[in-house]
Amino acid sequence: MKTFSSRLPQVGTTIFTVMSRLANEHGAINLSQGFPDFSPPALLLERVTHHMQAGANQYPPMAGVLPLREAIAEKVAALYGANYDVETEITVTAGATQAIFTAITACVRPGDEVIVFAPVYDSYLPAIELQGGTAKVINLAPPGFRPNWAEVAATINTRTRLIILNTPHNPTGTVWTADDMRELSRLVCNTDIVLLGDEVYEHIIFNGPHASLARTAELRERSFVVSSFGKTFHITGWKIAYCLAPAALTAEFRKVHQFNVFTVHHPSQLALADFMRAEPGFAAGLAAFYQAKRDFFRAQLAGSRFELLPSDGTYFQLARYERINRMPDTEFARWLTIEKGVAVIPVSAFMPDGTDHGLIRFCFAKNETTLAAAGEKLRAV
Ligand code: PMP
Ligand code: GLN
């Protein structure tokens, strides 16, 4: 073969892999890729081992095991007053990334337009491009990163097929409000536009309540709503998430899902179902748990030359570094990792047009000892 013509010629290796690798190479404290450095609940680990030993080692049902779908349905009903049918409206996926890819694949045809908000999570655009869709990027401006609804209205046209939103928002920590959702509702109500809500940080919110797309019937009827157990139970490496959608949308979602992964790790699903039954309050405690970490980390950086932006949700903290130097953010992130021993994510990695706001992202889903050690290094920068 002489040449292999790429379908994603502009795409390199994801920034999370690049920065974690650099952190490991240089022995830096890794506050770049978002993952906890503490253990999941012991009961969850005990249950997954139990189910493996008990024989749950063959294919589970394509949509996910029933007890887990039931536990999800109960949680969503209690939190958002939304009744999703366990048979036809809930699908367990191999992480939110797969759910998002699957929803986009099920929905977007060549020539369709998809509205996204930048900073934008890095998996969305390649997924849209692979389906032949065109991303219409709406830039959110610092420091507030609020959506401008007039701009959204002006971007919608007859080719608009899908709008993807992410709240609480990675990397900015911005949280959409009930008013935002009303605006969105007003804009899409007389259209066939589909919505995809990336709500993986639904429980990590410091000025809630979380404005889920699942909350109102008008939005729910046209929405794929995605959450991830990785964020909620400190198990990013298990890659298990779920997608809620009305039956007609779920049917299309599953047409893709069944040929994409078919189904998801069996014993882990049963373990998650057991854990959600045993400790139904765990998710509700997450906001206070992470708010304490956020506040601890912010206190560590008091007196440093970093300027902290607000963080209303997620386990991320943005910071401006112009008082330290004026390097491009990608160079600054490398420099901080290699020379100063703390790895971070440059926010321009989330900007399709490469806009550099001079901002970096820290992940504070870490033990206090890790955050304190990072704080010491960062105060010296
Ligand atoms: N969306 C956002 C906004 C995320 O931050 C992440 C992961 N950090 C994902 C999707 C992917 O989640 P998962 O690991 O479950 O695929
Ligand atoms: N979503 C995580 C982050 O924002 C990383 C996930 C990944 O590495 N693919 O850091």
Side-chain angles (χ1 to χ4, degrees), residues 16 30-41 44 72 75-76 78-80 95-97 99-100 117 119-123 140 144-145 165-178 180-181 197-215 225-244 272 275-276 279-300 308-319 344-345 347 350 361-368 370-371:
F16 308 117
N30 189 0
L31 305 189
S32 64
Q33 191 178 25
F35 62 88
D37 72 345
F38 38 85
S39 300
L44 189 53
I72 294 166
K75 181 198 97 167
V76 176
L79 275 180
Y80 308 127
T97 312
I100 291 163
F117 298 87
V120 59
Y121 188 63
D122 72 344
S123 81
L140 305 172
F145 297 102
L165 47 123
N166 170 215
T167 182
H169 184 249
N170 176 8
T172 66
T174 306
V175 166
W176 284 22
T177 63
D180 288 322
M181 291 308 186
D198 179 345
E199 303 186 6
V200 300
Y201 302 101
E202 64 178 323
H203 302 294
I204 310 177
I205 183 161
F206 315 130
N207 68 347
H210 167 55
S212 176
L213 285 176
R215 269 191 199 277
V225 181
V226 173
S227 185
S228 174
F229 295 114
K231 320 293 170 189
T232 304
F233 298 125
H234 318 320
I235 47 167
T236 63
W238 288 22
K239 296 297 296 185
I240 305 186
Y242 62 85
C243 179
L244 312 169
L272 283 162
F275 184 78
M276 288 170 79
E279 292 199 29
F282 185 89
L286 221 52
F289 174 79
Y290 275 118
Q291 187 164 343
K293 291 197 179 296
R294 180 199 68 176
D295 293 346
F296 182 83
F297 183 60
R298 288 176 69 96
Q300 289 295 316
L308 302 182
L309 275 65
S311 169
D312 292 334
T314 75
Y315 43 51
F316 302 117
Q317 171 65 59
L318 292 190
V344 295
I345 298 289
V347 172
F350 294 79
R361 188 196 79 176
F362 296 103
C363 171
F364 56 78
K366 308 292 170 190
N367 283 306
E368 285 197 356
T370 310
L371 297 175

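Hydrogens, waters and symmetry mates play no part in the numbers below; they use all other heavy atoms, side chains included.
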Task: His234-Phe282 aromatic ring centre distance below 6.0 Å - done: yes

TODO: Verify whether the ring centers belonging to His169 and Phe350 lie closer than 6.0 Å.
DONE: no

For a 4.5 angstrom cut-off between non-hydrogen side-chain atoms, does [X] reach [Y]?
| X | Y | value |
| --- | --- | --- |
| Val76 | Val225 | no |
| Ile345 | Pro171 | no |
| Leu140 | Thr174 | no |
| Leu309 | Thr172 | no |
| Lys239 | Thr97 | yes |
| Glu199 | His210 | yes |

Between [X] and [Y] (side chain of the first, backbone of the second, donor and acceptor by atom type, cut-off under 3.5 Å), is there such a pair?
| X | Y | answer |
| --- | --- | --- |
| Lys293 | Ala288 | no |
| Arg294 | Gly313 | no |
| Arg361 | Ser32 | yes |
| Thr167 | Trp176 | yes |
| Asp295 | Ala292 | no |
| Asp37 | Asn367 | yes |

Nearest heavy-atom pair of [X] and [Y]: which atoms, and what distance?
| X | Y | value |
| --- | --- | --- |
| Ala241 | Ala96 | CB-N, 3.2 Å |
| Pro40 | Leu44 | CB-CD2, 4.5 Å |
| Thr236 | Pro36 | CG2-CD, 3.9 Å |

TODO: With side chain to side chain contact (heavy atoms under 4.5 Å, CB included) as the test, would you mind laying out the steps for Phe233 and Glu279 before giving the verdict?
DONE: CA-CA 11 Å; Phe233 298 125; Glu279 292 199 29; over 6 Å; no

State the [atom1]-[atom2] distance between [X] and [Y], to the nearest 0.5 angstrom.
| X | Y | atom1 | atom2 | answer |
| --- | --- | --- | --- | --- |
| Leu371 | Cys363 | CG | SG | 8.5 Å |
| Ser123 | Phe16 | OG | CZ | 9.0 Å |
| Leu213 | Leu244 | CG | CG | 10.0 Å |
| Tyr121 | Asn166 | OH | CG | 9.5 Å |
| Gln291 | Arg298 | CD | CZ | 10.5 Å |

Open item on the list: Please tell me whether Glu202 and Tyr80 have a donor and an acceptor in their side chains that are separated by less than 3.5 angstrom.
Closed with: yes

Open item on the list: Restricting to side-chain contact (heavy atoms from CB on, under 4.5 Å), what partner residues turn up for Thr314, sequence neighbours left out?
Closed with: Pro168, Tyr201, Phe316

Task: Criterion side chain to side chain contact (heavy atoms under 4.5 Å, CB included) on Leu31 and Gln317, from CA distance to verdict - done: CA-CA 10 Å; Leu31 305 189; Gln317 171 65 59; over 6 Å; no

TODO: Could you tell me how the ring of Phe206 sits relative to the ring of Phe364: parallel (under 30°), tilted (30 to 60°) or perpendicular (over 60°)?
DONE: tilted

Task: Plane angle bin for Phe362 and Phe297 - parallel if under 30°, tilted between 30 and 60°, otherwise perpendicular - done: perpendicular

Open item on the list: As a test of understanding, state which of Leu272, Ile204, Leu286, Val200 forms a side chain to side chain contact (heavy atoms under 4.5 Å, CB included) with Thr232.
Closed with: Leu286

Open item on the list: Please determine whether side chain to side chain contact (heavy atoms under 4.5 Å, CB included) holds for the pair Ile100 and Asp198, giving the CA-CA distance in whole Å, both sets of side-chain angles, and the decisive distance to 0.1 Å.
Closed with: CA-CA 8 Å; Ile100 291 163; Asp198 179 345; 3.5 Å; yes

TODO: May I ask you to check if Lys366 and Phe35 form a cation-pi contact, with NZ or CZ under 6.0 angstrom from the six-membered ring centre and within 45° of the axis?
DONE: yes

